[in-house]
Amino acid sequence: MAGNRYIVLLKDQHKSSIKNVEKEFSVSVTSSEMLSRDKKSFNIIDAQNAVLYKNLGIVVADDMDEEQLTISVADTASPVIYFEKERDFFPADENLLIQELKTGIDQLKSKVLELETFIQNKPIPQHPVVEMAWGLKAIGMDATRYTGKGVDICILDTGLDTTHPDYSGKTIEGKSFIQGEDWDKDQNGHGTHCAGVACGNVRNDTGNRYGIAAESNLKIGKVLSDSGKGTTSSIIDAIDWAITKKFRIISMSLASPVGINEPPSLLFETVGKKALENNVLIIAAAGNDSNRPSLPRPVSAPANSVSIMAVAAIDSQMHIARFSNAGINAATGGNINVCAPGVDIVSTYPRKNGISNDYKVLSGTSMATPHVAGLAALYMEQFPGLNAAEIWTLLENHAKPIENLKYRDIGKGLIQTIH
Amino acid sequence: MNTYFGVLKDGIYFNKIKKNLTDTGVKILNYYPKFRIVKFQSEKELTVADFDVFLSLEQEKEDFFAEM
């Protein structure tokens with residue numbers, strides 16, 4: 001036998017193809033049909049004579065021009081589609097196997113060493129270097145690099161304690177819609193807490209992260225009095241102001257209870273619709289009137305308007321919060337759109353009697369709402385070409401359903417970062 | 001005095017109905033052009049049926065609360 005024998009796979013066995021092979025490789029091809037007891041293939045195959053195995057569609061010949069074979073495979077007009085050198089097969093030999101294993105182990109050792117060196121020298125992984133509040137982890141904040149940079153988030157609430165250390169040095173714009181009360185003070189504390197969830201960063205004592213859109217622009221509208229109460233006028237005036245200012249997101253952790261089968265307010269429906277037309281997304285708390293499991297109550301106003309995003313609250317065990325309202329007036333509008341963390345939420349709080357530090361843990365759909373506002377700001381940074389309505393759709397489409405929880409209670413599910 | 005918010009019907013323009021509204025005895029407090037909403041006061045108890053220019057009429061609510 002010659003030095004190298006080649007197995008050549010043909011596209012077809014047409015006469016013209018066989019002639020091509022004969023011409024390209026200067027061989028004479030004998031069909032396997034011509035083989036017999038007296039005329040065996042090994043007696044035929046050499047550098048000038050090849051055998052075509054009809055059943056397999058392969059030609060076998062010795063010492064073929066490998067460069068020409070490679071060109072033929074690449075040439076779609078050639079009948080040759082693949083070739084390889086004939087391989088040697090040996091009977092299993094125990095000593096040979098052991099020798100091969102030893103060689104394999106040596107090769108593996110060098111690969112392990114290479115991997116070890118790579119792991120020791122690779123850059124620091126992008127894992128968060130700070131601990132996060134449970135709510136932030138639940139929405140995937142540990143997997144995003146976005147911070148809501150440059151996005152204006154307007155918190156309509158009880159105001160903001162601008163003397164709080166986490167806000168000192170920040171440029172914050174605001175306006176009060178409550179007569180005789182300033183937007184930059186917060187005797188109640190609720191507004192300062194909500195602002196922290198949406199736009200805060202890390203605690204100044206432990207370094208743990210509690211806020212979502214740390215590089216967003218915080219805007220404050222005081223629409224609830226220091227006692228935590230507001231009117232239609234204060235809210236409509238503030239939304240009008242926020243739209244005029246072109247703030248992208250309005251977060252309203254406030255609600256007015258509605259009755260069973262009570263239709264949504266056409267007033268707020270009109271306002272929400274106009275806000276979306278002006279590229280402003282309004283997000284509102286679903287309300288805390290329920291006493292679950294026996295007594296879920298309908299989504300409150302203004303969250304029950306279909307043009308305003310309604311937010312339910314869940315706890316860290318992925319249960320619906322006892323107090324969180326539900327979409328039980330869905331026939332007239334008033335369903336839940338998404339849910340967010342709203343139980344045992346830590347955030348900024350004014351230093352008042354009984355508070356020994358700058359933070360407090362609160363629960364409510366109020367706390368869930370700024371989670372959505374903060375995440376919307378991250379989306380707006382991540383997808384700058386999308387308008388408010390498209391951001392709404394994205395929030396819903398990327399929300400995760402929660403096992404055993406109903407659409408009525410959590411809408412499309414728990415909001416999530418996109419990465 | 002009661003405060004009301006009226007959402008104007010399509011094709012109704014505030015400047016054209018302002019005088020008529022005032023003539024009915026209501027006091028106009030504000031007009032929100034972006035929303036096409038008129039805020040006004042009246043001593044009477046009013047409903048949307050009392051006007052032919054509003055799509056809806058809602059009385060001011062004072063029960064919006066911080067939800068915690």
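Note that the coordinates shown come from a computational prediction; the quantities given were computed from them, not determined experimentally.
Only the side chain of A:Ala285 comes within less than 4.5 Å of a heavy atom of chain B; its backbone N, CA, C and O stay farther away. Interface residue B:Leu55: backbone and side-chain heavy atoms are both found under 4.5 Å from chain A. For a residue to count as touching a neighbouring chain, one of its non-hydrogen atoms must lie under 4.5 Å from one of that chain's; by this rule A:Leu267 touches chain B with backbone and side chain alike. In this structure, no portion of A:Ser300 lies under 4.5 Å from any heavy atom of chain B. A:Thr365 touches chain B through backbone and side chain together, each having a heavy atom under 4.5 Å away. For chain A, the nearby parts of B:Lys61 are the backbone and the side chain; heavy atoms of each come within less than 4.5 Å. Both the backbone and the side chain of B:Phe65 have a heavy atom closer than 4.5 Å to some heavy atom of chain A. Proximity to chain B is limited to the side chain of A:Leu224, based on heavy atoms less than 4.5 angstrom apart. With a 4.5 Å cut-off on non-hydrogen atoms, A:Asp237 touches chain B through its backbone and its side chain both. Heavy-atom distances place both the backbone and the side chain of A:Ser265 under 4.5 Å from chain B. Heavy-atom distances place the side chain of A:Ile235, and not its backbone, under 4.5 Å from chain B. With a 4.5 Å cut-off on non-hydrogen atoms, B:Glu62 touches chain A through its backbone and its side chain both.
Ring pair A:His164/A:Tyr359 is perpendicular by interplanar angle, where above 60° counts as perpendicular and below 30° as parallel. A parallel orientation is assigned to the rings of B:Phe40 and B:Phe54, their planes being inclined by less than 30° (bins at 30° and 60°).
Top candidate by heavy-atom pairs under 4.5 Å with chain B, chosen from A:Gly364, A:Pro302, A:Cys194, A:Ser366, is A:Ser366. Chain B forms more heavy-atom pairs under 4.5 Å with one residue of A:Thr158, A:Asp289, A:Thr244, A:Ile239 than with any other, namely A:Thr244.
A:Ser324 places a side-chain N or O within 3.5 Å of a backbone atom of A:Ala313 that can act as its donor or acceptor partner.
The residues A:Asp240 and B:Lys34 are annotated as salt-bridged, a charged nitrogen and a carboxylate oxygen being separated by less than 4.0 angstrom. Between A:Asp409 and A:Arg292, at least one side-chain N (NZ, or NE/NH1/NH2) sits under 4.0 Å from a carboxylate O, which counts as a salt bridge. Between A:Asp157 and A:Lys222, no side-chain nitrogen of the basic residue sits less than 4.0 Å from a carboxylate oxygen of the acidic one, so the salt-bridge criterion is not met.
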Ring pair (Phe, Tyr, Trp, His ring centres under 6.0 Å) for A:Phe247 and A:Trp241? Distances and angles first, verdict last.
CA-CA 9 Å; A:Phe247 301 153; A:Trp241 168 72; 5.3 Å; yes
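For the 3.5 Å distance criterion, the side chains of A:Ser233 and B:Lys39 qualify, holding a donor opposite an acceptor.
Nearest heavy atoms, A:Gly374 versus A:Ile153: CA-CD1, 4.1 Å.
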